[in-house]
Each structure stands twice: as structure tokens, then as C-alpha cells.
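This report refers to the structure that appears directly beneath it.
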Amino acid sequence: MDYRYLAELLYPDVKHDYEYYESLYPVRNLPEGAKVTRIAPSPTGYVHFGSIFPALVSERLARQSGGVFYLRIEDTDEKRKVKGAIEDIIKSFDYFGINFDEGVTLKEQKGNYEPYIQSQRVEIYHTFAKKLVSEGKAFPCFCSEETIENDKQLQAKNKEMIGYYGKYAHCINLTCNEIEKKIKDGKKFVLRFLPDEVTKNNVTVTDLIRGAVTITDDNTGRILIKSDGVPTYHFAHAVDDHLMRTTHVVRGEEWLSSVIFNMQLFLALGFKPPKYMHISTLMTIDGVRKKKLSKRDKGSGLKEYIKNGYAAESVVEYVLTLLNSNYEDWRRANPELHWSEFSFSIKKMGSSGSLFDFAKLNDVSKNVISNMTALDVYNRLIAWASKFDKEFYEKLSYDKEYAIVVLSIGRGGPKSRKDFAVWSELRHYMSFFYDNWFEITDKINEKFSSADIIAALKKFASCYNENDTQDIWFGKIKDIAASLNYCPDMKLYKQNPEAYQGNVGDISMFIRVAVTGRINSPDLYTVMQVLGKERVIVRLKSYCI
RNA sequence: GGCCUGUUAGUCAAGUGGCUAAGACGCCGCCCUCUCACGGCGGAGGCAGGGGUUCGACUCCCCUACGGGUCACCA
């Protein structure tokens, strides 16, 4: 068999020798130890929450080592392409502060290794496919889908390995003439891989997270180039990551079992394989069972988190705690630092899949937000509201200073309040600070007589002075309490609750409900200061009507 | 089903032959306190099961059970 002739027959349009591309995309000039990583999503829909894991790991590895992190779009499946998906990918990662040194952007592609979109690289793939054919390492296959399907059924029935090999590799012995004739007849073909050696042995490969992993040798004649001339994932991966000089491939564990095939391909192409890291799948709980977090699950889309109002840092922070178990300790020790200051370690990564935990995410998020300044919170909140809550946005932008004052309540210092985890909760939290949103939503327990309530409110209304210090302010409440036989001292009250109608806390509660509409609120004194005397009095009086 | 891979409290997890088995979230209680939140203190709760190896196993080996992955002209 004249492989060179065959290669020419199969890929007559290839213009360049593969060496052309080797020199067009030279080895990167980077310091020793610098890692080149990428994420390579396919534009088949919205970005999955799980995508942020490999993205973050890749980003950290590259940035921490002075390397390069880039975005490549793997759009080799025409059928599954979704319009707008690329834009969605870029915007989603941007929201979470994950930026790329090279690759696809909203405007153009940047970097010296372009194109970074696989559908624009077909000629490159064909060049290397041609090389493989000319070396007898790949061959064309003209089998119909029915043939393949029948073989598969038979193999399944006989409990044989499924694939295109041995007696099932019908096209492997086609002569050059036969192939030439089929091509002249306009027959489509796929290009299949013929492994160098068919060993059928178990091979041990190294995964940076899992260590030595044993995988069975792959010799199933897998497809390299589909009949439409576009490569499959594995072939594109080998060519691209070699030519783009990727050093570390970080991907989900669903790829683990194909590492061996990847290795074979790199070897056959004469490439040095990258190092692999397979991240365990994020799980979710379905009733009592753990299962892979899939696109159908609630909380699987990155966009949902944006829409619900999770701060970018909250999500990153949470993911980092899952990725590196010592992250939380570091965060406690360094509350002021940005997450990128953390020194990320591959060694600290676990190899079993973790379960997504909303409670934990929310806790992390509350901490993140409690560490922000009021201005910070305001800026992010309004950015969120401008997209997802127009009415709220209007209020926030109408009086920025006021909103910031409201957001300042209980903020700052080591005991900063932790009232909310997502921006969408702020609307309710802040609502009573706006007159047309204010409403009494909580009821005062019926055990208190309305006469007492009214009396307390009226007394307070008549003596409230917004220039009072907090001590004087509270002293007045205590006086009111005493006058109504509500114990002004909590400790005394607890010793003998029967002796009183209630306590000073109850009086405060009456006032709180009248002023805020709620049983619970941040510090009442401060709330009143923010609302201003006029509104406080109006609310106190209107409650009495 | 074959092959691969994993299993420390409800969840995330330290831990690499010798400790009363860290910590965080959640839960419960107490304290602080005008409520809530915060903070402080305390509590319940765990090495999947069975065999080995060893003076000694959460740690090493085997088996079982139970998760997860993969077996496409999808990535």
C-alpha cells in the first residue's frame, strides 16, 4: 500500500506540510515551570455550573506559574451548535472574574496561536490527518451507519469489546484502487485511527490529581475525522493542544477513560502529551441519591446564579473551598485579600465528587458580602438590579446616598451583620426604608393588649427626639415600659416574669413593628436615624389609627 | 454488563501505621442582647462491611456492598 498516494487521494486540498504549522505556532517562550492551560467549551447551550471548576483550576495554574490561560471554542459538532452560546460563555466567565490571556473574545480573537475556534482550523486538522495517513497510522472507512450499528449489536450480544477492529474493521484492507474508486464515486468516508501497536494491555497513566490510573489500551479504531471533514474531539484536542503548546489539560473526570487514546494519538502524531488533571464531577442530591449535577437540575446553569444575584466572588469562593480544602483556613486568616492571592495547590484537590451544598454557598456568600463596604454592595447591587429588577434599580439610583446609608447599617467591623447571601434578598431587606414599599407584614402577638400597644406608641411618638443619643433614646423606652408595668430590665424580668405585663423588649417590639413593619430588624435606633423623625412619627401614628 | 474509579458525621473535609480522628456548613442548647443578624461557649453526629498484613490500622492488601465515570461520525 502506497500510503503517500493514499494521503494525497484523501486530502488533495491540503496546502501546507505539517512542519509549516510547527513553525507558525512555535514553542512558547516562557519561564521554566510556567503552565499553559485553557478551557475549551463547546457552544452547545448555556454554561454549566460545573464548568467553573476546571476553569478556575486552569486559570490559577497558569497565572500562579507565570503562564498563559486561554479560551478555545470547540464547535466541531454542527448539529449541537447553539447561537449566542459563545457570547454566553465569554460573558459568564467574565462575570465571575475569570479572564483569558488569549483566545476568543466578544470582538475578535487575540493571541499568536489563532484561530482559537475549531471550525476555523479544519485545514490544520486535515494537514495532520494527512500526515497520519501517509504514515499508515490512519485509514478511511466507508462503512454505512447500518453496518456499524449491526456490528455493535453483534458485539454486544457476543460480549465483545465494541469498536472497529479485527474482523469488524471492514475497510482496513481496502486497496488503494478500491478507495480511489469509492472516492471518485463521491462516497463519503470517515478517517479512523490505527494504533501503532495493538497491545490490549492495561496501561498506567499519571493523572496529577489521582496519581497512577490504570486504563485498558484502546484499539477500537476510533474516528478521527468525521464524514463532514470535521475532526472529533480527541483528534482536535491532540492537534490543538500541541500546536497551542498547552502544558496542562484540566477537564472533567468523564474524560479519564479516554486518556489512553489521547496518549496514543499524541504518540502517533509525534507530539509530547500534556499533563492531565481530571476533576471529579459535581454532584447534586435527588431525594436521597447522589447524582451528577446535570443540565436539567436546578442550579446547574451559571446564569441562574447571576440572575439570583450571587456575587461573583461568592461563587468563586465557594468553588475554591471545594477545590482546595485549606482555602477556608486561608480565608479566615486573610479576610482582606482577593482570592487570587491564595496559593492554589494541585495536591490539595480531592478525587471524589462533592455534593453541591446551597447552605454552604449561602454561608460563604454572606461572609463575602459582609466584608464589603456599603459602597461596594451598592455598586454591585445596582448593577444586578439594572438587569433583573428595574423597579428596585429606579429606587437605588434615585437616591444613591440614602441607599448607601441604609446599606451601611450594621456594616463594618468584625461583627458585621450577615443578613443576605444574594442581591435579590436586598429588595425585601430594604423595603421598609421606602415609603411606598413599606407595609406592616408582621403581627404583634395577640397576648399583648392593643391598649398597651397604642399607649406605648403614643408615648414614644410624643417624646422621640432624633438628636437623642442611643442611651437616652433607650432610656425613654425603658421609662415607657415602666409606666405600663413592662419590666425595664431584662434580668429582673427573667427572675419574675409573672410580675409584669411584659418587658422592655416587648415595648421595643411594638415600636419596631410600627416603624419597620417587622418583628425583626437591624438596630432600631439606627433605623430611626436613617428614616428621619418625620417618617418615624408618621408611622407610629398611623399604626394607632 | 465489561473496564475504570471512588467511599472519614446530613454536607464539604483534614488525616498518609501509633492522637481523646482537626476544621467549616447545617442542626440543638446556653451566653451576649430591645428583636433579628453578628459574636462567644457547649452539644449531638463519622473512618461502608468483612477478612487479612502488622506489636499496632482511617491509613497497606484482598473480597463484598454502595456511589460515580466510560463503552457515539457528542463534547
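- Remark: B:U16 base-pairs with no nucleotide in the shown strands. Criterion, Watson-Crick or G-U wobble with two distances under 3.5 Å.
- Contacts classified as salt bridge (Lys or Arg N to Asp or Glu O under 4.0 Å) and involving residues 347-371 of chain A (residues at least two apart or in different chains) are given here: A:Glu328-A:Lys360.
- One P atom belongs to B:C61, the other to B:G10, and the distance between them is 26 Å to the nearest Å.
- Of all nucleotides listed (B:G69, B:C4, B:C25), B:C4 comes nearest to the side chain of A:Val213.
- Whole-Å rounding puts the A:Ile477 CD1 to B:C34 P distance at 10 Å.
- If you check the side chains of A:Tyr46 and A:Ser300, you find a donor sitting under 3.5 Å from an acceptor.
- A donor and an acceptor atom never sit less than 3.5 Å apart when one is taken from the side chain of A:Asp228 and the other from the base of B:C73.
- A:Ser508 comes within 4.0 angstrom of a nucleotide base, judged by non-hydrogen atoms across all strands.
- The base of B:C4 has none of its N or O atoms less than 3.5 Å from a complementary donor or acceptor on the side chain of A:Thr214.
- Across B:C34, B:A75, B:G68, the shortest atom-to-atom separation from the side chain of A:Glu74 is found for B:A75.
- Comparing atom distances between the A:Glu328 side chain and each of B:A37, B:C34, B:G23 picks out B:G23 as nearest.
- Atom CG of A:Asp329 and atom P of B:G15 are 11 Å apart (whole Å).
- A:Ile215 has its CD1 atom 10 Å from the C1' atom of B:U5, to the nearest Å.
- Under 4.0 angstrom from either OP1 or OP2 of B:A37 there lies no side-chain N or O belonging to A:Lys366.
- The CG-P distance, from A:Leu355 to B:A13, rounds to 9 Å in whole Å.
- Taking 4.0 angstrom as the limit, A:Lys348 places a side-chain polar atom (N or O) nearer than this to OP1 or OP2 of B:G15.
- Here A:Arg222 lies out of heavy-atom contact (under 4.0 Å) with every strand.
- Out of B:A75, B:G23, B:A37, the shortest distance to the side chain of A:Arg332 is found at B:G23.
- B:C62 sits 15 Å from B:C3 when the P atoms are compared, rounded to a whole Å.
- Judged by distance alone, the side chains of A:Tyr125 and A:Asp240 do bring a donor and an acceptor atom under 3.5 Å apart.
- Contact check, A:Ser325 against B:A14: a side-chain N or O comes under 4.0 Å of OP1 or OP2.
- Pairing partner, B:C71: B:G1, with both Watson-Crick or wobble hydrogen-bond distances short of 3.5 Å.
- A:Asp523 comes within 4.0 angstrom of a nucleotide base, judged by non-hydrogen atoms across all strands.
- When rounded to the nearest whole Å, the span between CG of A:Asp151 and P of B:A72 equals 13 Å.
- Of the P atoms belonging to B:G49 and B:U54, the separation is 23 Å, rounded to the nearest Å.
- Heavy atoms of A:Gln155 sit nowhere under 4.0 angstrom from any nucleic acid atom.
- Closest approach to the A:Arg80 side chain among B:C74, B:G69, B:C34 is made by B:C74 (side chain taken as heavy atoms from C-beta onward).
- As judged by a 4.0 angstrom heavy-atom cut-off over every strand, A:Ser416 is placed among residues touching the sugar-phosphate backbone only.
- Both distances falling under 3.5 Å, in either a Watson-Crick or a G-U wobble arrangement, occur for no nucleotide opposite B:U54.
- For B:C41 and B:G51, the C1' atoms lie 44 Å apart once the distance is rounded to whole Å.
- On a pure distance criterion of 3.5 Å, no polar donor-acceptor pair joins the side chain of A:Arg512 and the base of B:C36.
- OP1 or OP2 of B:A75 sits under 4.0 Å from a side-chain N or O of A:Lys226.
- The cationic group of A:Arg251 does not satisfy the cation-pi geometry with A:Tyr276, failing either the under 6.0 Å distance to the six-membered ring centre or the 45° limit from the ring axis.
- B:U59 sits 12 Å from B:C47 when the P atoms are compared, rounded to a whole Å.
- On the P atoms, B:C58 is 24 Å away from B:A24, given to the nearest whole Å.
- For A:Ser42, taking side-chain heavy atoms from C-beta onward, the closest of the listed nucleotides B:C73, B:A75, B:G26 is B:A75.
- Annotation: cation-pi geometry satisfied between A:Arg222 and A:Phe261 (NZ/CZ under 6.0 angstrom from ring centroid, within 45° of ring axis).
- Of the candidates B:G10, B:U35, B:A75, the closest approach to any side-chain atom of A:Ile519 belongs to B:U35.
- The partner of B:A65, taking Watson-Crick or G-U wobble pairs whose two distances both stay under 3.5 Å, is B:U7.
- A distance of about 41 Å separates the C1' atoms of B:A22 and B:C71, rounded to the whole Å.
- Distance alone, capped at 3.5 Å, is enough to place a donor-acceptor pair between the A:Arg411 side chain and the A:Leu407 backbone.
- Using a 4.0 Å heavy-atom distance criterion, A:Lys159 is classed as making no nucleic acid contact.
- For A:Asn503 (side chain) and A:Asp506 (main-chain N/O), a donor-acceptor pair under 3.5 Å exists by modelled atom type.
- Residue A:Val504 has its side chain nearest to B:C34 when only B:C34, B:G68, B:G23 are considered.
- Dashed line: the shortest gap from a side-chain N or O of A:Lys418 to OP1 or OP2 of B:C36 is not under 4.0 Å.
- Toward the 5' end of RNA chain B, the nearer of the two residues A:Cys141 and A:Phe356, judged by each one's closest nucleotide, is A:Phe356.
- Atom CZ in A:Arg192 sits about 11 Å away from atom P in B:A72, given to the nearest Å.
- Residue A:Lys347 places no side-chain atom within donor-acceptor reach of the base of B:U16, judged by atom type and a 3.5 Å distance cut-off alone.
- Of all nucleotides listed (B:C34, B:C12, B:U5), B:C12 comes nearest to the side chain of A:Leu322.
- Within the nucleic acid shown, A:Lys478 has no heavy atom closer than 4.0 Å to any nucleic acid atom.
- If you measure from atom CH2 of A:Trp255 to atom P of B:U70, you get 9 Å, rounded to the nearest angstrom.
- Comparing the same atom, P, in B:G23 and in B:G40 gives a spacing of 14 Å after rounding to whole Å.
- No side-chain donor-acceptor contact under 3.5 Å links A:His237 to the backbone of A:Thr232.
- A:Ser521 comes within contact range of at least one nucleobase, with a heavy-atom separation under 4.0 Å.
- One interatomic measurement links the two molecules: OH of A:Tyr327 to C1' of B:A24, which rounds to 14 Å at whole-angstrom precision.
- Between A:Asp228 and A:Lys226 there is no salt bridge, since no side-chain nitrogen of the basic residue lies less than 4.0 Å from a carboxylate oxygen of the acidic one.
- In this structure, a donor-acceptor pair under 3.5 Å is present between the side chains of A:Tyr327 and A:Arg331.
- When Watson-Crick and G-U wobble pairs are counted only if both distances are under 3.5 Å, B:C27 pairs with B:G43.
- Nucleic acid contact class of A:Arg210 (heavy atoms, under 4.0 Å, all strands): sugar-phosphate only.
- Of the two residues contacting RNA chain B, namely A:Ser280 and A:Asp363, the nearest-nucleotide position lying further toward the 5' end is that of A:Ser280.
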